[in-house]
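Below is one structure, written out as structure tokens; the observations come after it.
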Amino acid sequence: MILNTSDLSWDPESSGADPIFPLEQLDSSSTYEVPPLTVWGVALCVSGTLIATENAIVVTTILATPSLRAPVFLLLASLGLADLLAGVALILHFLFLFCVEPSNWSELLTSGLLVTSLTASLCSLMGVALDRYLSLSHALTYGSGQSRRRAATLLMLVWLGACAIGAGPAMGWHCLEEPDSCSVARPLTRTYLSLLCGGFLVVVIVTLQLYAGICRVARRHAHAIATQRHFLPASQSYATKHSSGRGFSRLILVLSVFVGCWMPFSLWGLLGDASSPPLYTYATLVPAAGSSLLNPILYSLRNQDIRKVLLHACCPHRYTHSTHIHHPVDV
């Protein structure tokens with residue numbers, strides 16, 4: 001489940017099971033020669049660095065601010081940590097590919113780390129959708145101490161599950177010794193990747209159902225406001241309608257990015273096999289990894305409270321940091 005930039009010129013008409021490292025290369029007794037740095041290698045390193053940097057800023061901001069302890073911020077910190085690990089996995093793969101000789105343990109390390117990070121990231125996204133739904137449907141109890149404990153328990157289970165799933169290749173569930181059992185993402189076996197992508201699809205479907213529930217609750221709220229519109233001033237009525245329109249536009253954007261990033265690889269992992277062209281694996285895996293670059297922008301940096309903390313840290317004399325924290329639902 002690792003990107004290998006040197007295979008992008010692979011012939012689709014040929015049948016090869018290894019989009020990562022040729023088995024002959026790993027078993028060869030000759031001196032290993034580090035491949036020359038390519039544009040794709042530079043892109044791999046730069047993207048991994050950007051992903052790790054921006055998510056490290058988000059995680060540090062949330063953990064260093066005691067007032068950011070509502071369930072939504074715990075979920076955003078979990079999402080940032082998962083995406084941070086994805087960036088680290090890309091950087092490690094770049095180092096193993098262009099700086100040191102690749103080996104079996106390096107493949108297992110990077111693939112396990114990437115599986116763990118992507119699993120935790122996707123489950124955290126589902127948790128964010130669940131938080132948004134509960135904050136609308138249970139507005140009176142949202143943000144209470146009990147809600148924070150439930151969110152913390154949910155995140156603990158998510159990370160335990162993600163670590164257990166990511167440890168699969170290192171625990172022996174790989175195809176390094178049986179190339180015929182390889183999937184489209186070596187060194188993962190076809191059975192392992194099928195179960196993983198099947199789980200991804202289930203999480204995607206549940207998340208879409210949660211957002212559908214958000215739409216239903218928001219529509220009921222809009223209907224309740226519409227019945228009282230004649231009690232509101234004209235300017236306030238327009239502001240409410242304009243805000244609702246922006247909310248649905250943001251929802252469409254979030255869902256489009258979510259489905260576009262996760263659906264291709266989830267389907268390809270189920271439909272592809274070891275003889276499938278590696279280029280197709282790259283084309284579906286890159287958006288899934290790229291979601292780690294977009295998540296901080298779409299979720300964390302759009303949050304008003306996180307933006308205030310960052311602005312106050314950058315310009316403490318210009319921006320005053322208020323200790324009163326709101327918990328907006330950025331739908």
Side-chain angles (χ1 to χ4, degrees), residues 1-8 18-22 25-26 32-63 76-125 159 162-163 165-170 174 176 184-188 196 261-262 265 278-279 281-301:
M1 197 169 179
I2 312 167
L3 299 177
N4 184 2
T5 58
S6 62
D7 286 330
L8 291 177
D18 187 6
I20 309 301
F21 299 110
Q25 174 181 327
L26 294 176
Y32 175 77
E33 294 183 3
V34 177
L37 190 63
T38 63
V39 175
W40 290 103
V42 174
L44 179 68
C45 182
V46 171
S47 61
T49 303
L50 288 176
I51 291 172
T53 301
E54 65 175 350
N55 285 284
I57 292 174
V58 170
V59 174
T60 303
T61 300
I62 296 176
L63 295 182
L76 291 178
S78 173
L79 178 62
L81 178 59
D83 293 334
L84 171 61
L85 291 179
V88 171
L90 294 180
I91 295 174
L92 287 178
H93 178 56
F94 169 81
L95 294 177
F96 289 136
L97 185 62
F98 292 103
C99 300
V100 297
E101 181 178 358
S103 60
N104 287 352
W105 72 265
S106 66
E107 285 192 68
L108 296 176
L109 173 64
T110 50
S111 61
L113 186 59
L114 195 57
V115 168
T116 300
S117 61
L118 293 181
T119 302
S121 179
L122 185 57
C123 291
S124 296
L125 287 174
W159 278 98
C163 291
I165 294 173
H174 58 75
L176 294 177
V184 296
R186 186 176 185 261
L188 307 183
L196 182 67
C261 287
W262 287 102
F265 181 72
L279 186 60
T281 303
Y282 302 137
T284 56
L285 187 56
V286 166
S291 67
S292 298
L293 185 65
L294 298 176
N295 287 338
I297 301 173
L298 291 177
Y299 295 92
S300 299
L301 298 181

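In plain terms, the two heavy atoms of Ala162 and Thr116 that are nearest each other are O-OG1, 3.5 Å. Here the shortest heavy-atom pairing between Val59 and Leu81 reads CG2-N, 3.4 Å. Nearest heavy-atom pair across Ser78 and Trp159 is OG-NE1, 2.9 Å. Heavy-atom minimum distance, His174 versus Pro169: CD2-O, 3.0 Å. Nearest heavy-atom pair across Thr49 and Thr53 is O-OG1, 2.7 Å.
Here Ser121 contributes atom OG and Trp262 contributes atom CH2; the two are 5.0 Å apart, rounded to the nearest 0.5 Å. In this structure, Ile165 CD1 and Cys123 SG are separated by 7.0 Å, a value rounded to the nearest 0.5 Å. Taken to the nearest 0.5 Å, the CG atom of Leu50 stands 10.5 Å off from the CG atom of Asn55. Here the OG atom belonging to Ser291 is positioned 10.0 Å from the CG atom belonging to Leu298, to the nearest 0.5 angstrom. Atom CD1 in Ile91 sits 12.0 Å away from atom CZ in Phe96 (nearest 0.5 Å). One distance of note links CG of Leu196 with CG of Leu118; it measures 8.0 Å at 0.5 Å rounding.
The shortest distance between side-chain heavy atoms of Leu176 and Leu108 falls below 4.5 Å. A heavy-atom distance below 4.5 Å is not found between the side chains of Ile57 and Thr60. Taking 4.5 Å as the limit, every side-chain heavy atom of Phe94 sits out of range of all side-chain heavy atoms of Thr110. Between Tyr299 and Val58, every side-chain heavy-atom pair lies at or beyond the 4.5 Å cut-off.
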Evaluation steps, side-chain contact (heavy atoms from CB on, under 4.5 Å), between Asp83 and Glu54: CA-CA 9 Å; Asp83 293 334; Glu54 65 175 350; over 6 Å; no

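Judged by distance alone, the side chain of Ser117 and the main-chain N or O of Leu114 form a donor-acceptor pair under 3.5 Å. Using a distance-only test at 3.5 Å, with no hydrogens or angles considered, no donor-acceptor pair links the side chain of Thr281 to the main chain of Ala185.
Ile51 pairs in a side chain to side chain contact (heavy atoms under 4.5 Å, CB included) with only one of the listed residues (Leu85, Leu294, Leu90), which is Leu90.
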